[in-house]
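Since we're looking at a predicted model, the values are computed, not measured. One is the number of the first residue; the rest follow in order along the sequence.
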Amino acid sequence: MTFTFIFAILFTRFPLSKYTVQGKCRRMISIAICEDESYTLDKLCEKTKCYIKEKNLSADIRTYLSGEALLSAGHSFDIILLDLMLPGINGIETAKRSCHKSQVIFVTAYKEYALDAFDLGAVHYLLKPVTKERLFGALDRAVGNVAKRAEDKTLALTKNGTLQTIFLHDILYCEVFDHRVYIHTVCGDLEYSGTLDTLEGRVDERFFRCHRSFLVNMCHVVRQEKGFVFLTGGYKILVSRRKQKKFLQNLLGFLENEAVL
């Protein structure tokens, strides 16, 4: 899909309500819990409802017994509590196929899949049995991330007079090729005729020009190694040799400022 770029950054808020988590007002939060063991599913649901009540939040909580059921529901959730060892499609594959906007908290009895989970940008990795304290900590972090997105800046794009806005947090990375700029987001790709230099000047400090052809969103960085940066969803982006030290410094500074404890 091709768009004309409007040089504008808008500050957008969703309709908010009285709910407060870590000092931030909240809107209705959508939560999915996917677990094939009915007993564990009920316990997770019970504890999640307890969290919502204690934090004075409002939430729509839905439960699923398989990855297929979750995906076929066709809903986009703010937060997903996801078992790793599911019948049919496992938790890792389910997360890959679900909307990347979701804050995923993996729940499992197996430690060895932690790296795969965090490569997908998981918020947390909880080992069974899940205690109330650990679940609440993971939900605090997930809700905090939802709060940031709810008050995020946006870019505005138009096509044939129709305006489309993109939350900056939803942008994974941008690249330029053959005088066209491609914006890769969690929901798909957009393109327009322009320069990456101009786009770089219109985004904020969370973006870093790691290569003359790439601009990455540090919100989605999973790890950096051997001249590459890995992003949420498994994307692998080249970091130029002269930018590697600066990128690491900026990334560490960004993570220090953005960390949710």
A.B. asks: Quick check: do Leu196 and Thr198 have side-chain heavy atoms less than 4.5 Å from each other?
C.D. replies: no
A.B. asks: Would you say Thr195 and Val176 make side-chain contact, with heavy atoms under 4.5 Å?
C.D. replies: no
A.B. asks: Which residue pairs satisfy the salt bridge (Lys or Arg N to Asp or Glu O under 4.0 Å) criterion with at least one member in residues 28-41, sequence neighbours excluded?
C.D. replies: Glu35-Lys128
A.B. asks: So does Ser213 get a backbone contact from the side chain of His211, meaning a donor-acceptor N/O pair under 3.5 Å?
C.D. replies: yes
A.B. asks: Once side-chain hydrogen bond (donor to acceptor under 3.5 Å, both in side chains) is applied, do any residues pair with Glu93, and if so which ones, sequence neighbours excluded?
C.D. replies: Arg97
A.B. asks: Mind telling me whether His220 and His169 have parallel, tilted or perpendicular rings, with 30° and 60° as the class edges?
C.D. replies: tilted
A.B. asks: With Leu155, which of Asp170, Ile171, Thr165 fulfils side-chain contact (heavy atoms from CB on, under 4.5 Å)?
C.D. replies: Ile171
A.B. asks: Could Lys236 and Phe230 be counted as a cation-pi pair, given that NZ or CZ must be under 6.0 Å from the ring centre and within 45° of the axis?
C.D. replies: no
A.B. asks: Let's go through Phe106 and Leu81 carefully: what are the C-alpha distance in whole Å and the side-chain angles of both, what is the deciding distance for side-chain contact (heavy atoms from CB on, under 4.5 Å) to 0.1 Å, and is it a yes or a no?
C.D. replies: CA-CA 6 Å; Phe106 281 106; Leu81 295 172; over 6 Å; no
A.B. asks: Are Met85 and Tyr110 packed together at the side-chain level, in the sense that at least one heavy-atom pair is separated by less than 4.5 angstrom?
C.D. replies: yes
A.B. asks: Can you see whether Arg141 engages His124 through a side-chain donor-acceptor pair at a distance of less than 3.5 angstrom?
C.D. replies: no
A.B. asks: Between Lys47 (side chain) and Val130 (backbone), is there a donor-acceptor pair under 3.5 Å?
C.D. replies: yes
A.B. asks: With sequence neighbours left out, what residues match Thr131 under side-chain hydrogen bond (donor to acceptor under 3.5 Å, both in side chains)?
C.D. replies: none
A.B. asks: On the 0 to 90° scale, with breaks at 30° and 60°, tag the Tyr182-His184 ring pair as parallel, tilted or perpendicular.
C.D. replies: parallel
A.B. asks: Could you tell me whether the side chain of Ile31 reaches within less than 4.5 Å of the side chain of Asp78, counting heavy atoms only?
C.D. replies: no
